[in-house]
Q: 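Would you mind keeping the following structure in view while I ask a few things?
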Amino acid sequence: MLARHSDPIVAIATAPGRGAVGIVRVSGPSVVALAQAICGRELKPREATYLPFRDAVGQPIDQGLAIHFPAPHSYTGEDVLELQAHGGPVVLQLLLARCLEAASSTNVLTGQPLLARLRPAEPGEFTQRAFMNGKLDLAQAEAVADLIDASTEAAARSAGRALAGEFSREVAALRDALIHLRMLVEATLDFPEEEIDFLQKADAEGRLARLRMTLAGVLSRARQGALLREGINVVIAGQPNAGKSSLLNALAGAELAIVTPVAGTTRDVVREAIQIEGVPVHVIDTAGLRESDDEVERIGIQRAWAQIEQADAVLFLHDLTRIAAPEYIAADAGIATLLAEKLPDGVPVINVWNKIDAAPAHAPRGGIRLSAKNGDGLDMLRRELLQVVGWQAAPEGVYIARARHLDALARVDAHLMEAAAHMARQAHALDLLAEELRQAQNALGEITGEFTADDLLGVIFSKFCIGK
């Protein structure tokens, strides 16, 4: 993708299918001549003009709005032409084909093609050009895709904040403070014979402490944003007939999974996406965990464990009507042992004691008591879920973030921790201190694209939709 970034590109910029309006977008040099060929007239910059779009022999394909955005005042920073037609798939494909055909036709004055090398755009290529031409930094460019893909209102608002540059501005403030600290260290390295101690006089240790405190706040908000973007995978696990499918139905507010008194009814994985306080939650119902001679049920149990091992949180469901039975207690203890063995460190397991409507017994401490049948206790379960994954209620100023952003910020934190250790020593290891600060700055630069490998750019933009 990067090797051909100077080619003019064209794509349908609206979603596939029928709609009231569809857009064909062209970006690159010399779109004025292409507009003349398709629209039959010169377009005024940034002014929508209603006219017919004509084919090669002058017959109208459709009528709509044409807009020319001259460089650099466009989304991509290049000349951009947008043709807004009726949103039928056939009409838009005809317009797309007409753009490619007109681009290859000969200019009568120069004898050259109107728009040489015009080609269909690859996924995310318009936004990639906006990044490469300085219209957006990399974090803002990623926020474009996140805004499109947002599954909740909170996620959309957070993506909008990132697109507006809130995340980037916080990263830039960290970078500026880091650069100033590096300057002090480099000055001390460059002038070791000076009697003035640059670091002590400028309170370098205090500056580093404040920088780390600011970074902690940015990292906290970024973690919240990552939850909004990715959501959390919650697996409901437990013995057969503990009420797992009933709990899924209760959380989803719909009859999604079959519920019967027959043990082993659920044989496969059942998923449903819900939201709790704006956080996307992917709830996964699984087969009951037990020893079984049934081949189909055994496959379902294997799939259940596979889902459990990938979970962000596990709801371990217990049946209060059976907790006095020795065989049930033993089976629950076996499942608890396996959960401890199979789950990665840090994945929370919430004990949920179901059927409080039918069982007079009191549930042991350390869990949530509820009735999946009548809904008692569900709100407490929802709050507990958000708490164990680190969500803060209705946070202000949260911006969308990705796993790579969290990784970069964590590396910044690690380098600054090492820098603080070097600075705390009486005899400063200034060369090591300077290197840690440099590595921290590079990690910060990866977020906004100042220091980013081309192959990473290819991966990021390839996940965009075509036309964006």
Side-chain angles (χ1 to χ4, degrees), residues 1-14 23-35 45-46 67-82 96 99-100 103 115-149 159-172 174-176 179 229 399-405 407-408 441-468:
M1 184 185 295
L2 291 173
R4 301 195 293 164
H5 73 270
S6 61
D7 291 349
I9 52 175
V10 60
I12 298 171
T14 41
I23 299 173
V24 173
R25 176 184 288 165
V26 185
S27 181
S30 305
V31 299
V32 173
L34 184 68
R46 292 174 296 280
I67 311 174
H68 172 221
F69 300 93
H73 305 296
S74 69
Y75 179 69
T76 63
E78 304 173 330
D79 281 348
V80 170
L81 173 66
E82 285 195 357
L96 179 64
C99 288
L100 293 167
L115 194 54
R117 303 190 315 278
L118 179 68
R119 59 174 174 79
E122 297 178 12
E125 197 166 3
F126 289 98
T127 304
Q128 185 190 30
R129 292 191 177 197
F131 163 68
M132 297 179 70
N133 292 325
K135 307 296 287 188
L136 302 168
D137 65 33
L138 191 55
Q140 288 175 297
E142 290 171 305
V144 172
D146 294 334
L147 183 59
I148 293 170
D149 294 337
R161 293 189 192 101
L163 179 56
E166 289 190 22
F167 185 25
S168 302
R169 283 191 289 273
E170 293 207 353
V171 170
L174 287 171
R175 180 201 61 208
D176 292 345
I179 289 173
R229 180 181 185 273
Y399 31 71
I400 212 78
R402 297 185 171 204
R404 79 169 193 90
H405 302 152
D407 175 68
Q441 185 180 344
N442 286 350
L444 273 179
E446 291 177 13
I447 296 175
T448 54
E450 294 176 68
F451 305 102
T452 305
D454 287 351
D455 56 349
L456 176 60
L457 294 180
V459 170
I460 289 172
F461 289 107
S462 68
K463 298 183 184 298
F464 280 52
C465 54
I466 292 177
K468 195 56 185 174

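We're numbering straight along the sequence, starting at 1. Values reported hereafter were calculated over all heavy atoms of this structure, with side chains retained and with hydrogens, waters and symmetry mates removed.
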Q: I'd like to check Gln140 versus Asp137 (side-chain heavy atoms, cut-off strictly below 4.5 Å). Are they in contact?
A: yes
Q: Should Leu136 and Leu163 count as side-chain neighbours, where that means a heavy-atom distance under 4.5 Å?
A: yes
Q: Does NZ or CZ of Arg25 fall inside the cone over Tyr75's six-membered ring, less than 6.0 Å from its centre and within 45° of the axis?
A: yes
Q: Ignoring hydrogens and geometry, is there a side-chain-to-backbone donor-acceptor pair from Arg404 to Glu446 under 3.5 Å?
A: yes
Q: Distance from Gln128 atom CD to Asn133 atom CG, nearest 0.5 Å?
A: 10.0 Å
Q: CG of Leu34 to CG of Leu100: how many Å apart, nearest 0.5 Å?
A: 9.0 Å
Q: At what distance, to the nearest 0.5 angstrom, does CD1 of Ile12 lie from CD1 of Ile23?
A: 11.5 Å
Q: Mind checking whether Arg46 and Pro70 have side chains closer than 4.5 Å, heavy atoms only?
A: yes
Q: Looking at every heavy atom in both Phe131 and Thr448, which two are closest together, and how far apart are they?
A: CE1-O, 3.9 Å
Q: Closer than 3.5 angstrom, by distance alone: can the side chain of Asp79 be matched with the main-chain N or O of Ala71 as a donor-acceptor pair?
A: yes
Q: Which distance, rounded to the nearest 0.5 Å, do you find between the CD1 of Ile447 and the CZ of Phe167?
A: 4.5 Å
Q: Do the side chains of Glu142 and Arg229 get close enough for a salt bridge, i.e. N-O under 4.0 angstrom?
A: no
Q: Can you check whether Arg129's main-chain N or O pairs, donor with acceptor, with Lys135's side chain at less than 3.5 Å?
A: no
